[in-house]
Number of protein chains: 2
Amino acid sequence: MARKPVSLRDVAAVAGVSASTASRVLNGQGRVSDATRQRIVEAAERLDFQPNALARSLVSGRSHTIGVLAVNAPGAFVMPVLTGATTRLGEHDLSALIYDSHLDRDLLAATVRKLRARRIDGLLVLGDGSRSGMRSVSEGFAVPVVYAYGVSDDAQDASFLHDGRLAGQIAGEHLLSLGRRRIAHITAWDYDLSARARAEGLSSALDAAGVELVLGHPLHGDWSRQWGVRAAQELLASGAPFDAVFCGNDEIALGVYSVLRDAGLRVPGDVALVGMDNMSGMLGHADTLLTTIDPRLNALGAAAADYLVAAIDGGPYEGGLHSVPCTLVLGESTALDPAA
Amino acid sequence: MARKPVSLRDVAAVAGVSASTASRVLNGQGRVSDATRQRIVEAAERLDFQPNALARSLVSGRSHTIGVLAVNAPGAFVMPVLTGATTRLGEHDLSALIYDSHLDRDLLAATVRKLRARRIDGLLVLGDGSRSGMRSVSEGFAVPVVYAYGVSDDAQDASFLHDGRLAGQIAGEHLLSLGRRRIAHITAWDYDLSARARAEGLSSALDAAGVELVLGHPLHGDWSRQWGVRAAQELLASGAPFDAVFCGNDEIALGVYSVLRDAGLRVPGDVALVGMDNMSGMLGHADTLLTTIDPRLNALGAAAADYLVAAIDGGPYEGGLHSVPCTLVLGESTALDPAA
DNA sequence: CTGTTAGCGCATTCAT
DNA sequence: ATGAATGCGCTAACAG
């Protein structure tokens with residue numbers, strides 16, 4: 001229980017050697033006779049010796065702690081990134097010192113000092129998913145800094161983001177593979193870089209197949225279900241024929257879905273539907289009503305963490321955007337067997 | 001940039017005093033003349049001195065690191081707890097060393113050793129929300145251990161959980177306050193302690209009002225939307241009149257909702273609906289179709305973290321269950337203005 | 001009031 | 001092959 005931790009000297013004493021010899025053995029360094037090695041190892045095991053990480057850190061200069069600066073940690077989409085990153089850090093035996101909402105001018109300076117006082121081995125900066133540039137804080141640190149779920153405004157910095165363009169492309173290719181040719185796109189405003197990336201990806205897929213978007217352009221609004229409802233109504237009212245809709249996110253898709261159903265259209269029989277975010281997956285549900293694109297935010301966080309750790313260990317550090325691939329999650333809304 | 005960190009001796013040298021005097025001043029300890037104090041403070045500021053937390057830890061024995069043992073960190077409902085806990089730890093300048101899925105026999109022993117090697121100041125154990133007992137690991141540590149989103153099987157341990165009973169009670173009282181008297185309950189199997197707590201809470205509210213549950217008992221199934229669909233159909237088929245349904249979670253509620261709508265019933269006009277989990281809130285949406293109970297999992301994690309930190313600082317430590325209150329989130333499904 | 005000494009636990013010279 | 005000495009940066013006990 002409350003037995004005080006055993007130190008290296010204790011082990012050395014039991015083994016009848018000096019502390020330095022014990023240290024050597026336990027770290028696999030210099031040459032030591034097998035006999036004494038044996039004694040030391042046994043003693044260490046018998047005493048359940050745990051080298052004090054604090055003392056070790058003091059001499060090595062490595063704290064085994066990573067700083068995490070988040071814009072809004074409890075955000076629905078940030079949490080998976082944060083969780084993915086911090087649990088991956090744990091797998092590397094690194095702890096995470098998390099400061100949320102400390103990126104504004106007032107707090108930042110003080111936070112940077114705290115982080116430096118802790119001698120963090122690296123820093124992870126988490127954005128809020130908007131691709132607009134985050135102010136780089138890398139200058140303030142002598143250790144590697146990696147940005148995730150947001151992009152640093154300094155091209156020298158490595159930024160990790162889910163590949164929105166790929167998402168659009170996958171969605172487009174999936175719908176095309178189903179034989180759909182009249183594909184509409186309902187999404188958020190074009191100045192939202194996240195929306196734009198998806199739209200571009202969709203376009204590239206359609207272009208490659210020589211197919212043109214229904215109405216010739218996406219329908220732009222916000223990210224809400226309500227917008228999905230209105231947009232779907234507009235689409236129906238336009239009279240333009242369509243057999244598929246790629247929606248900017250699952251919320252919009254659900255709005256569209258309800259309108260289509262109310263209009264007596266079958267999904268996917270008459271209209272196939274693809275969303276984005278894998279909302280129900282995020283909630284841990286197996287019911288895949290909607291075919292969707294999973295941005296794999298957990299993997300995004302983990303990838304950023306891995307990259308940071310590698311960089312700390314002398315690995316490569318490339319500035320610019322690092323994209324993490326998305327995956328298609330099949331649901332009933334594009335099921336081959338059109339029961340609905 | 002890469003300038004090496006300034007040490008206490010540097011400050012002392014500049015101020016023309018000894019290191020220990022500088023230490024005293026910077027820590028507000030013993031009495032020092034105002035003159036030298038001034039010089040030291042100025043020197044420290046000018047050099048932007050950051051006391052090395054590692055060295056400080058070595059002597060104080062406090063690592064400022066909290067261990068976190070999670071059963072399944074990426075779980076949809078665990079993430080908010082984890083995020084809430086770790087960001088709160090950050091507010092206390094404590095880092096989190098997270099080990100996920102290390103509670104099984106194989107890994108646990110090794111993980112405990114790692115945690116001890118790190119000299120963690122406290123441990124947080126995160127369950128998966130099932131109230132069934134988690135094996136206590138407190139014996140393995142000389143520091144405070146707090147359990148959250150799960151209950152330790154040792155009554156000596158402090159466990160934090162959202163108050164499911166209160167949730168049921170709030171739901172019941174809300175429906176009663178709306179004038180509903182024929183209230184049904186559709187939820188998961190009774191051996192799920194989480195489902196049972198909600199059912200008990202509902203019962204207590206109804207009992208207090210002298211109202212009896214429709215059918216005299218809850219409808220038990222799983223947590224899925226499909227079960228909500230089937231249960232609602234059963235309920236309708238039973239012919240028993242009802243004007244409200246409290247559902248074990250939002251998924252079930254959505255299933256019930258769709259059946260009611262298809263049956264031509266208005267929500268909340270004919271039937272008011274209350275769910276649980278605040279799913280749409282977790283996803284960051286403002287659209288509150290469903291009235292629901294928010295388990296405040298973020299707050300749960302934060303509360304557990306706070307309690308642990310306080311205990312570390314010599315605060316009280318009470319074994320047993322600590323409940324974190326839930327809150328009602330109003331949505332259209334019980335709106336006073338029955339538009340739908 | 002302030003400087004000197006010692007020690008936290010370990011790793012790493014340097015001797016032997 | 002092993003032990004003694006030194007230092008990582010800071011705090012605390014002891015002198016003066």
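Numbers restart at 1 for each chain; the letters A, B, ... are given by sequence-line order, proteins then strands.
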*Asks:* Quick one: label B/Ser33 by what it contacts on the DNA or RNA (base, sugar-phosphate, nothing), any heavy atom closer than 4.0 Å.
*Replies:*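 Counting heavy atoms under 4.0 Å across all strands, the contact made by B/Ser33 is with sugar-phosphate only.
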*Asks:* For a quick check, tell me whether the side chain of A/Thr21 and the base of D/dA1 share a donor-acceptor pair closer than 3.5 Å.
*Replies:*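 Result: no qualifying N/O pair found.
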*Asks:* On the 0 to 90° scale, with breaks at 30° and 60°, tag the A/Tyr307-A/Tyr317 ring pair as parallel, tilted or perpendicular.
*Replies:* tilted
*Asks:* Which pairs pass ring pair (Phe, Tyr, Trp, His ring centres under 6.0 Å) with one or both residues in residues 9-57 of chain A, sequence neighbours excluded?
*Replies:* none
*Asks:* In this structure, how many angstroms lie between the C1' atom of D/dT11 and the CG atom of B/Leu54, rounded?
*Replies:*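 Whole-Å distance recorded here is 15 Å.
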*Asks:* Between the side chains of A/Arg118 and B/Asp93, is the shortest nitrogen-to-carboxylate-oxygen separation below 4.0 Å, so that they form an ion pair?
*Replies:*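 Answer for the salt bridge query: no.
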*Asks:* If you look at every strand shown and take non-hydrogen atoms under 4.0 Å, does A/Thr36 touch a base, only sugar-phosphate, or nothing?
*Replies:* sugar-phosphate
*Asks:* Could you check how far CZ of B/Arg62 sits from P of D/dT11, rounded to whole Å?
*Replies:* 14 Å
*Asks:* I'd like to know if B/Arg116 pairs up with A/Asp48 as an ion pair, taking the criterion as any Lys NZ or Arg NE/NH1/NH2 lying under 4.0 Å from an Asp or Glu carboxylate oxygen.
*Replies:* yes
*Asks:* Any N/O pairs under 3.5 Å between the protein and nucleotides 7-10 of chain C? List them or say none.
*Replies:*
residue : atom : partner : partner atom : Å
C/dC10  : OP1  : A/Asn52 : N            : 3.1
C/dC10  : OP2  : A/Leu8  : N            : 2.4

*Asks:* Ignoring hydrogens, what is the shortest heavy-atom contact between A/Leu47 and A/Val6? Give both atom names and the distance.
*Replies:*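 Heavy atoms of A/Leu47 and A/Val6 come nearest at O-CG1, 3.4 Å.
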*Asks:* Between B/Arg39 and B/Glu42, does at least one N-O distance fall below 4.0 Å, as a salt bridge requires?
*Replies:* no
*Asks:* Take A/Leu26 and B/Arg37, find for each the nucleotide of DNA chain C with the closest heavy atom, and name the residue whose nucleotide sits nearer the 5' end.
*Replies:* B/Arg37
